[in-house]
Structure formats: C-alpha cells, structure tokens
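A short worksheet on the structure shown next.
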Amino acid sequence: MSVSICTMGELLVEFLSKNYNQGFTQPGEFLGPFPSGAPAIYAAQVARLGFGSTLFGCVGNDDFGRLNIERLRLEGVITDGISVIDKAPTGTAFVSYRNPLERDFIFNIPNSACGFFTADHIDLGLLNQCQHFHIMGSSLFSFRIIDAMRRAIQIVKANKGTVSFDPNIRKEMLNIPEMSQAFDYILEYTDIFLPSEGEVHHFASSKNQQEADIVQELLASGVSHIVIKRGEKGASHYQQQNGQTQELHTPGYSSKMVDPTGAGDCFGATFVSLFLSGFSAEKALQYANASGALAVSHKGPMEGLSSLAQIEHFIAQQA
Ligand code: ATP
Ligand code: MG
C-alpha cells in the first residue's frame, strides 16, 4: 500500500564540533552547515524509502534555508509546504560531543524562522493528501507551532488518518512550559508512540512507576502501538490484542558509532512508513533497527539515510 506521510516543525542547519569535549566556552572548529531538524531528517528518510513525504515549516530568506530546501527536494520530499519568510533567519544548532554518545546543544529555534510557523501557514491542499501525521516533541517549542500541530491533527483525524509521536526530548528544551502541556494533548490523539527508553518516565502518572506499568496505562488510554527505542540494544513493540498486551523485542545491529544524531528520526521514519505500508510490526522493527544502525555510522544528521535496498543489504550482511 502506498502511504503519504507528513510532518511539521523545525528546519535548521547544524554545526558539529570537530573534537570531543570541545565545548562552547572557547573558540574551536565546527563542521557544517549540515541540513537538519528532527522533522526534516524524518521526512527525508520517509522519502528515501520511496513513500510520499511532505514537510511543513518555515525557513528564512537566506542560504541556510536554501540549503535545506534544496537538499530535501533532492531527497524527494515535497517542499511546497515550507514557507520562506523575511522576518527571521533560518534556525541553527551547534552540537558539541563529550563522547560518541553524549552531546550538548545550543539551539536557535524559537526565535528563528521556524518559530514563526503558524496554523495559517499550513497548505490545506497538501495536508489533505496525507494519511499520516508524524509529530516530534522537539518541534513543540512555541505556542504558534503547537496551535498549528493541533490544527493538523484535527484535519488528519477528520480524514480518517493516523498520528505518530516521538517525544524527542532535549534537556535544553525542557524549560519551555508550552511543551509539556502539549505532550498530554498530542498523546490523546496518538496511534503510534515512539519514545526512547530514557523518555518513558516522562509519561508516568505517578512517581517511581516502572516502564511496564507506564506502557500498560498508555495502551489502556488508547495508544494503539508503542515502540520503545533502546539505542544499540534495539527496540520493543507493544500492543493490546484481545485484552492482552503483546510484546515484541528485537535486538539492535552492531554498527560503528560515528554520530548518534538522526538515529531516532531514521528509525521512526522507517518503522512508521513500513508498518503503515503493510509490514508486520516485527519486520518493520527489524528494518527500523537497521535504519538506526546505518544512521549512527555516518557523520552529519542527514547523511545516514538509507533506501530499502540498503537496509536489506545491511540485514543480509549481518545474518
Ligand atoms: P535520537 O538521539 O536521534 O533522538 P533516540 O533516543 O530517539 O535517538 P535511539 O534509541 O538512540 O533513539 O536510536 C534509535 C534506534 O537506532 C535504536 O532503537 C537502534 O535500533 C538504532 N541505534 C541507535 N544507536 C545504535 C548503535 N550504537 N548501534 C546500533 N544501532 C543503534
Ligand atoms: Mg529521538
């Protein structure tokens, strides 16, 4: 089945520290600009797999914005829903690695062009063609975009479409009060929830609740599918069938870790598009693990995307 998926939120360029522990408090070398933004990486990975992919957002009228749009267009993403605005520059992120797994960020997102995206920017003709809407928690950085997300959810649901949600929590963004309130609203409409292992406790209803209990509660509240990303350990899928919770655990693939940025986005894009196109949860999870493993083996947020053929080749090699 052919699916058309849309997502909405930040488009930015990213600069990566060249050395570990370089930090931001002294001059150092950075590599970039790389096209980035979690929804942009997700949209590009959906397109790489050959599915319809539309991204809604804003860039500034500058070369960083043009770099982003051009790259997404080359990937096959429908970019007509990206507005170019004059009143702010394209967003940026600086990333400094402490080690291959731990990163610190300096984000310029809410005050950049993507922070000016509103519900009025949504191209309704494009949105009405999408059967699925994917939301990244990292995109919920302003009341304007949260309002746009609510509007998009209503439209996609009225069209009998589905919604997926990856909390993608960044510690640098947790102090944005609008964000946690929006989480509750979005979860109410979420069909496929894709937190990473360390994020699950944010969705606990009481202190010290264990992961299994949180999963149970979320399934009981109406989330149909929960996929927990566990880094190199792989991922798990939970759903309720005939009153019973079904669990599935798939191991990760071994991969040469070069840059963790984008793993969760590529994983999510691969799971959601393959699952919606008719793959079993187990096979979609296996392919998503491969997609995440391939993503971490490349430097740069959007440099580790993979096609279906590349994923299948990688899986065959590891067998
Ligand atoms: P992100 O930092 O992009 O937000 P995330 O926390 O959302 O990442 P992770 O669990 O880090 O998600 O990664 C998503 C998936 O990518 C994992 O479930 C796994 O399949 C794969 N993956 C991530 N890291 C590795 C690794 N080091 N080796 C192999 N596979 C990995
Ligand atoms: Mg993530």
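Side chains are part of it too, since the values below use all heavy atoms of this structure and drop only hydrogens, waters and symmetry mates. In each ligand, atom 1 is the first atom listed, and ligand 1 is the first ligand listed.
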Can an N or O of Ala288 be found at a distance shorter than 3.5 Å from an N or O of ligand 1? no
Query raised in the report: Going through the checks in order, is the side-chain contact (heavy atoms from CB on, under 4.5 Å) test met by Leu16 and Lys299?
Result: CA-CA 9 Å; Leu16 316 175; Lys299 195 170 195 121; 4.0 Å; yes
Note: Arg103, heavy atoms under 4.0 Å from ligand 1, region reported as side chain
Honestly, for Ser196 the part within reach of ligand 1 (heavy atoms, under 4.0 Å) is side chain
Practice problem: Check whether any N or O atom of Lys229, backbone or side chain, sits under 3.5 Å from an N or O atom of ligand 1, and answer yes or no. | Solution: yes
Query raised in the report: Have Glu312 and Tyr287 got a donor and an acceptor in their side chains that come within less than 3.5 Å?
Result: yes
Here the atoms of ligand 1 under 4.0 Å from any heavy atom belonging to Gly292 are 16 (O), 21 (C)
>> Please determine whether residues Ile145 and Phe165 belong to a single hydrophobic cluster, defined as Ile, Leu, Val, Met, Phe, Trp and Tyr linked transitively by side-chain heavy-atom distances below 4.5 Å.
In response: yes
With no hydrogens and no angle check, do the side chains of Gln286 and Tyr253 hold a donor and an acceptor under 3.5 Å apart? yes
Do any nitrogen or oxygen atoms of Gly234 come within less than 3.5 Å of a nitrogen or oxygen of ligand 1?
yes
Nearest heavy-atom approach of Leu140 to Ala182 is CD1-CB, 4.1 Å
Honestly, for Met257 the part within reach of ligand 1 (heavy atoms, under 4.0 Å) is side chain
Logged contact type for Arg230 with ligand 1, heavy-atom cut-off 4.0 Å, is backbone
Short version for Asn168: what comes under 4.0 Å of ligand 1, heavy atoms counted, is side chain
Derivation of the ring-ring contact (aromatic ring centres under 6.0 Å, His included) call for His121 and Phe116
CA-CA 9 Å; His121 285 102; Phe116 288 90; 9.0 Å; no
If we number the atoms of ligand 1 from 1 as shown, the ones under 4.0 Å from a heavy atom of Tyr253 are 28 (N), 29 (C), 30 (N)
Exercise for review: Give a yes or no on whether a salt bridge exists between Glu75 and Arg71, defined as a side-chain N under 4.0 angstrom from a carboxylate O.
Suggested key: yes
At under 4.0 Å between heavy atoms, what of Asn289 touches ligand 1? The answer is both
- Side-chain donor-acceptor contact under 3.5 Å, Tyr97 with Asp104: no
The option among Gly252, Gly137, Gly231 carrying the non-hydrogen atom nearest to atom 19 (C) of ligand 1 is Gly231
